[in-house]
Amino acid sequence: MEKAYPFDKIEPKWQKHWEKTKLFSADTSDHKNKYYCLMMFPYPSAALHVGHGRNYIIGDVVARYKIMKGLNVLTPMGWDAFGLPAENAAIKNKLHPKVSTFRNIDYMKKQLKQWGIGYDWAREVNSCTPEYYKWTQWIFLKLYEKGLAYKKKAAVNWCPSCSTVLANEQVVNGKCERCDSLVTQEYLEQWFFKITDYAERLLKDLDKLTEWPKRVKTMQKNWIGKSYGVKIDFPIVDSDDKLPCFTTRVDTIYGATYMVLASEHPSVDKLIDNSGNKSEIKAFVQKVKNESVLQRSALDTEKEGIFTGRFVINPVNGRKIPLWISNYVLMEYGTGAVMAVPAHDQRDFEFAKKYGLPIEVVIDRPGDPLDAKTMKEAYVEDGIMVNSEPFNKISNVEAMTSIAVYMEERGIGQRTVNFKIRDWLISRQRYWGAPIPIIYCDKCGIQPVPEKDLPVKLPEKVEFKSRGVSPLKEVDSFVNTKCPKCKGKATREIDTMDTFVDSSWYYLRYISPKDNNQPFDKEDVNRWLPVDQYIGGIEHAILHLLYSRFITKVFCDLGLIGFDEPFKNLFTQGMIIKDGAKMSKSKGNVVSPDNLIKEYGADTVRLYTLFIGPPKKDAEWSDRGVEGAYRFLGRVWRLTEKVTSAKKIEKSKGNADLKRKTHQTIKKVTEDIEREFHFNTAISAVMELVNEIYSALSSDEKIDEIVKEAVRTVVILLSPLVPHISEELWQKMGNKSTIFKSNWPDYDKELIKTAKITMPIQINGKLRSKLEVESGISEEVLKNLVLSDEKIKKWIDGKPVKKIIVVPNRLTNLII
RNA sequence: GCGAGAGUGGCGGAAUUGGCAGACGCGCUAGCCUUAGGAGCUAGUGGGUUUAUCCCAUGGGGGUUCGACUCCCCCCUCUCGCACCA
């Protein structure tokens with residue numbers, strides 16, 4: 001196919017030019033007009049596909065646009081290079097993760113450059129290098145010093161046949177993805193970061209994030225899950241002990257007909273000690289424990305339970321209620337014990353129905369009383385208190401406070417706040433991660449690695465097997481060390497850190513990526529952060545963004561930085577869908593940019609990616625659509641050639657409409673970019689302008705100066721989106737320096753106004769006529785005009801006009 | 001199951017604050033040009049019919065309003081996240 005324009009020549013040329021002239025190099029010591037544009041750094045999987053590309057293209061457009069606006073832009077890139085896939089590949093292909101990771105990085109870097117995405121590569125960071133993970137380990141030590149890193153037992157997915165720990169992803173339908181055996185739970189001592197200490201602040205400070213998408217904030221809020229409720233102590237029958245439980249619905253307490261414990265509840269063993277069917281209960285508890293971590297937290301599994309033989313006393317009415325154990329109560333939330341109110345909680349209702357437990361209504365539906373015998377589902381709405389003496393006949397909302405106060409007065413309950421968020425488990429029984437800098441000494445106990453001994457280097461000679469707790473366990477030279485305190489024999493922690501730890505602080509490292517004495521330069525970081533624009537996928541709405549916020553707050557408290565929120569503006573782009581599914585290698589529906597770039601050029605791929613739809617929404621990729629983008633760039637190329645090769649530029653002879661359109665387009669494109677990056681509509685506006693320029697071209701060799709100006713505007717407006725062709729055309733138009741150092745154009749407010757507008761006239765909300773009227777016409781004049789319009793007269797047909805609604809410069813509606 | 005989103009022509013999408021539904025592009029149709037082509041240019045293109053500023057139409061059903069793709073309620077379908085994929 002013949003090329004519409006020589007993209008294969010111009011694209012490498014300009015990419016080299018930008019690199020040579022250091023267009024994207026920021027001087028972080030100069031923070032005047034600073035703009036920190038950050039894209040989520042990728043995991044180096046095999047290669048980038050066009051779905052990944054969307055993220056980086058959007059970021060590149062923003063960076064270029066801001067450069068043109070005269071800002072001092074910092075736009076760095078790096079690699080989130082530790083992680084499971086590389087280790088899996090090592091087991092399968094006997095290829096060291098370091099080798100495959102670096103090979104992938106090389107390839108992806110080449111792809112990014114081919115896409116024409118500009119970065120300050122001098123600041124590149126890579127989380128799997130000792131120069132980087134030294135500081136990840138340093139962060140662990142800081143949190144440990146502060147008491148924010150601690151150890152406790154926690155469940156992992158365990159494959160009994162491989163004797164190995166599995167990630168949730170490796171568990172398929174409760175079975176090991178490798179050997180298909182049933183996955184169980186195993187309890188291991190693991191490291192946690194105490195994010196719960198920051199729950200309140202992480203929640204409250206969401207209000208500060210005014211430039212974050214609401215949906216991300218809502219998701220984080222729900223994840224943190226603050227709830228107000230009452231902690232109630234239920235005395236155990238035939239015992240001096242009490243079972244504390246937490247409820248957000250204390251108004252329903254009179255309807256508690258049984259109580260349920262999580263199977264891992266610490267009191268279970270003691271409670272069932274004298275029980276007649278002790279072995280049966282134990283078997284049940286074991287069965288629940290054996291379900292994988294995944295199954296347990298996915299609550300769509302069938303609710304199951306067993307009676308313990310014990311009873312507790314409902315402290316408000318002294319009623320004796322049975323105590324059950326079930327898989328639907330989680331130890332992690334609240335106290336691991338719930339008072340069950342089947343009439344007013346759907347899960348309790350289903351459980352009660354299944355095991356024949358009593359259902360008692362204590363909140364009645366106003367106007368349509370409930371009957372426990374015939375209820376089909378729990379009544380969870382508000383209503384009037386019944387069967388709850390002395391709180392009957394008041395609203396349940398009111399009762400919530402009254403009952404809580406009543407219980408506090410009698411010392412049987414206490415109002416408390418509860419959070420759903422759990423501490424961050426950072427231990428991974430893996431090789432390809434940053435080693436946790438901890439040493440165990442028989443004499444001195446847990447000892448942090450002294451700062452001067454960092455980094456704790458990951459040994460390179462390791463055997464990768466699908467069996468075993470962790471590959472590091474078998475590397476004697478790694479495991480055996482000296483206690484930093486007593487210098488005696490000691491062993492190293494063999495767990496590595498969750499990769500989310502690596503990615504929770506990388507945006508700070510970009511500021512001083514080569515510094516060997518500190519993780520970052522405090523002064524420069526305080527000048528350059530918070531990040532002005534963070535761009536990434538919606539799939540990171542909760543975990544990565546929450547962890548980064550947490551680490552930032554910890555650093556702020558430690559006095560390491562002077563701000564407590566890392567990202568000022570957040571933009572989450574939608575996914576690229578192909579054949580109805582998210583583009584991914586495993587689904588086999590990836591579209592590689594490499595061939596497309598070869599065939600159409602990077603600018604076409606960029607333009608199509610931006611044109612496909614509003615970037616915050618998911619979009620369906622179509623190979624056909626790429627051709628449309630290519631065709632358009634060809635049109636722009638030929639148009640510019642026509643103008644630059646014109647024999648004569650002449651004074652305008654009445655192209656006022658084109659001039660207005662040009663300025664309207666500047667306004668539209670600028671506003672669309674500023675308004676949540678609506679590049680798709682910005683592009684269509686430029687397309688409209690190009691169409692109008694074509695219509696305005698005269699057939700002779702002369703070019704109107706307004707046409708010339710319009711073409712120049714087209715090239716500038718397109719430049720952040722399709723930088724290579726724009727630079728080339730800009731040069732052809734006689735400009736000496738880069739288009740990105742020219743100013744983004746302004747529009748003339750007076751010029752964009754139109755003298756006449758077409759006013760739609762409706763009758764009873766239906767379009768019946770249109771009138772050409774002066775812009776800013778008075779209502780009186782307009783009404784007269786409307787009423788004397790022939791078509792309108794016909795529709796009114798003598799009927800009385802009840803009302804005329806005039807929306808100035810928009811429309812007129814007659815009610816008859 | 002819980003939490004968060006989305007649903008508009010044959011397709012991707014537009015409608016920014018409740019005010020002309022379908023901009024722009026793809027595809028399709030017809031024509032022009034031609035060195036006969038996967039190029040370029042021009043025009044048309046939601047559906048219906050009684051072909052006229054007519055009727056219907058934004059997942060389905062109801063509601064609010066002079067007016068609803070937009071706001072409210074119910075339902076359906078799809079997508080994402082759910083703490084060890086990153």
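Letters A, B, ... mirror the listed sequences (proteins, then strands); counts begin at 1.
One can find a donor-acceptor pair under 3.5 Å joining the base of B:rC84 and the side-chain atoms of A:Q190. No N or O donor and acceptor, one from the side chain of A:E620 and one from the base of B:rC11, sit under 3.5 Å apart.
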**OP:** Could you run through nucleotides 49-54 of chain B and give me one letter per nucleotide, 5' to 3': B if any protein heavy atom sits under 4.0 Å from the base, S if only the sugar-phosphate is that close, - if neither?
**Re:** ----BS
Subject >> nucleotides 25-32 of chain B: protein proximity per nucleotide (B base, S sugar-phosphate only, - neither; heavy atom, under 4.0 Å) >> reply: SSS-----
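Every residue two or more places apart in sequence or in another chain that forms a ring-ring contact (aromatic ring centres under 6.0 Å, His included) with A:F351 is listed here: A:Y258, A:W324, A:Y328, A:Y355.
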Table of protein N/O atoms under 3.5 Å from nucleotides 15-17 of chain B N/O atoms:
{"unit_1": "B:rU16", "atom_1": "O2", "unit_2": "A:R675", "atom_2": "NE", "d": "3.3"}
{"unit_1": "B:rU16", "atom_1": "O4", "unit_2": "A:K668", "atom_2": "NZ", "d": "2.5"}

Heteroatom pairs (N/O) under 3.5 angstrom, protein to nucleotides 61-68 of chain B:
{"unit_1": "B:rC66", "atom_1": "O2", "unit_2": "A:N813", "atom_2": "ND2", "d": "2.6"}

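B:rA52 shows a glycosidic angle within 90° of 0 and is accordingly assigned syn. Base orientation of B:rG22: anti (glycosidic angle beyond 90° from 0).
Look at the P atom in both B:rG59 and B:rG9: the space between them is 7 Å, to the nearest Å. Using atom P as the reference point in both B:rG25 and B:rC32, the two lie 24 Å apart (nearest Å).
Out of B:rC55, B:rA83, B:rC84, the shortest distance to the side chain of A:K766 is found at B:rC55. Each of B:rG7, B:rA4, B:rA86 was ranked by its minimum atom distance to the side chain of A:T499; first place goes to B:rA86. Comparing B:rA14, B:rA86, B:rC84 by their nearest atom to the side chain of A:F500 picks out B:rA86.
We find that CE of A:M108 is positioned 11 Å from C1' of B:rA86, with the value rounded to whole Å. The CD1 atom of A:I542 sits 13 Å away from the P atom of B:rC84 (whole-angstrom rounding). A straight line from CG of A:L610 to P of B:rG12 spans 19 Å, rounded to a whole angstrom.
Geometric assessment of A:R638 against the ring of A:Y5 yields a negative cation-pi assignment under the 6.0 Å and 45° thresholds.
Here A:N680 does not reach the OP1 or OP2 of B:rG12: none of its side-chain N or O atoms lies under 4.0 Å away. Of the side-chain N and O atoms in A:K214, none sit less than 4.0 angstrom from OP1 or OP2 of B:rA4.
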Original post:
Could you write out RNA chain B as a dot-bracket string, with dots for unpaired bases, | for bases paired across to another strand, and Watson-Crick or G-U pairs counted at under 3.5 Å?
Top reply: (((((((..(((......[....)))((((((.......))))))((((..).)))..(((((..]....))))))))))))....
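A side chain to side chain donor-acceptor pair (under 3.5 Å) with A:Q429 is found for one member of A:T496, A:D495, A:T164 and no other, namely A:D495.
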